[in-house]
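Basis for what follows: all heavy atoms, side chains included, without hydrogens, waters or symmetry-related copies. A, B, ... follow the sequence lines: proteins, then strands. Residue 1 opens every chain. Only a predicted model underlies this, so the values are computations on that prediction, with no experimental measurement involved.
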Amino acid sequence: NAGVTQTPKFQVLKTGQSMTLQCAQDMNHNSMYWYRQDPGMGLRLIYYSASEGTTDKGEVPNGYNVSRLNKREFSLRLESAAPSQTSVYFCASSEDRGNTEAFFGQGTRLTVV
Amino acid sequence: AQRVTQPEKLLSVFKGAPVELKCNYSYSGSPELFWYVQYSRQRLQLLLRHISRESIKGFTADLNKGETSFHLKKPFAQEEDSAMYYCALIASGGSYIPTFGRGTSLIVHP
């Protein structure tokens, strides 16, 4: 079982460059999430999608956009990368029910120089 | 809005010592609580959830609604327990989005 797959695993960007982080899940989950992980800050929600075609802002959405093109895929785009966006990004998915486990991708380590 | 607080950024113990990783939450409704673990260079994975009342890898956690806590405990720490631990809350009846604490790094020395 692949579970949640993220690409790329590592990326270095120059300030102002753009890129898209890809995420796909094969568990038929409706809900998908993007988090960023920073030392001392834990996991903070960037955007989430409760179903195909819907997206909503999380705690730290500024500087990001997302697309939920189909049930499997949820991408995160940085239009103009900034050093403050240097972080580890995690995609996750879960079922729409209580006490449900969130399944995570392996993460993307992004450095903006 | 709900909040999860893990007061310790780092917890350092010796092998065989008891471990308690603290988690406090604020939420006006009935919460669903979880512990996730991230071993070095691996993805986050569920360790246990309060509703299951189970022991995983020797770890247990009890929901204390009076103290709004969900502390993670293990009587005898092992070196392989060294990892990052995150407490998470889902607001029942809501959008099922997990809210995470900032995490506690557990280091178990030989």
Side-chain angles (χ1 to χ4, degrees), chain A residues 1-7 9-10 23-25 27 29-51 54-61 66 68 74 87-109, chain B residues 1-11 21-25 27 29-54 56 61 63 70 83-105:
Chain A
N1 285 338
V4 179
T5 304
Q6 280 182 245
T7 56
K9 289 186 179 180
F10 302 95
C23 175
Q25 52 92 9
M27 295 171 284
H29 289 163
N30 278 325
S31 296
M32 296 186 73
Y33 319 93
W34 277 105
Y35 291 90
R36 58 177 290 172
Q37 182 187 45
D38 300 292
M41 303 296 290
L43 288 161
R44 292 181 292 171
L45 184 68
I46 304 171
Y47 270 93
Y48 68 97
S49 170
S51 63
T54 68
T55 61
D56 284 288
K57 295 179 180 179
E59 182 184 353
V60 288
V66 291
R68 183 81 183 271
F74 188 38
S87 186
V88 180
Y89 292 85
F90 286 98
C91 178
S93 71
S94 69
E95 296 179 6
D96 298 336
R97 59 175 180 81
N99 283 296
T100 186
E101 174 183 357
F103 292 85
F104 284 83
Q106 286 190 310
T108 297
R109 187 173 294 275
Chain B
Q2 59 266 27
R3 176 171 286 189
V4 177
T5 303
Q6 293 179 249
E8 305 135 332
K9 290 176 74 171
L10 174 65
L11 190 59
L21 288 81
K22 290 182 167 50
C23 173
N24 289 90
Y25 66 90
Y27 176 56
S30 183
E32 299 168 1
L33 288 152
F34 306 78
W35 277 99
Y36 284 82
V37 61
Q38 185 182 26
Y39 300 104
S40 179
R41 300 186 183 280
Q42 295 187 27
R43 67 186 72 198
L44 277 88
Q45 57 187 286
L46 179 68
L47 180 62
L48 53 79
R49 66 193 90 191
H50 89 270
I51 198 169
S52 302
R53 294 184 167 272
E54 56 196 346
I56 303 293
L63 176 58
F70 188 57
M84 194 75 178
Y85 291 81
Y86 290 96
C87 184
L89 178 151
I90 291 178
S92 59
S95 56
Y96 308 117
I97 302 168
T99 298
F100 288 86
R102 68 175 184 177
T104 298
S105 177

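Contact tally against chain B (heavy-atom pairs below 4.5 Å) for A:G107, A:A102, A:A50: the top residue is A:A102. Chosen from A:G58, A:S31, A:P39, A:G105, the residue pairing most often with chain B at heavy-atom distances under 4.5 Å is A:G105. The choice from B:G103, B:A88, B:P98 that makes the most heavy-atom pairs within less than 4.5 Å of chain A is B:P98.
Under a cut-off of 6.0 angstrom, the local environment of CE in A:M41 is sparse, with at most 12 non-hydrogen atoms contributed by other residues, nucleotides or ligands.
Between A:Q37 and B:F100, the closest side-chain pair of non-hydrogen atoms is not below 4.5 Å.
Under the 3.5 Å distance criterion, the side-chain polar atoms of B:R43 are matched with a main-chain donor or acceptor of A:V4.
In this structure, CD in A:E101 is found 10.5 Å from CG in B:L47, a value given to the nearest 0.5 Å. For the atom pair A:S94 OG and B:I90 CD1, the distance stands at 6.5 Å (nearest 0.5 Å). Taking OH of A:Y35 as the start and CG of B:L44 as the end, the distance is 10.0 Å to the nearest 0.5 Å. To the nearest 0.5 Å, the span separating CG on A:D56 from CD1 on B:I97 amounts to 7.5 Å.
Contacts of B:Q38 with chain A are made by side-chain atoms alone, with heavy-atom separations under 4.5 Å and no backbone atom involved. For a residue to count as touching a neighbouring chain, one of its non-hydrogen atoms must lie under 4.5 Å from one of that chain's; by this rule A:F90 touches chain B with the side chain only.
Closest approach of A:L43 and B:Y86 over heavy atoms only: N-CE2, 4.2 Å.
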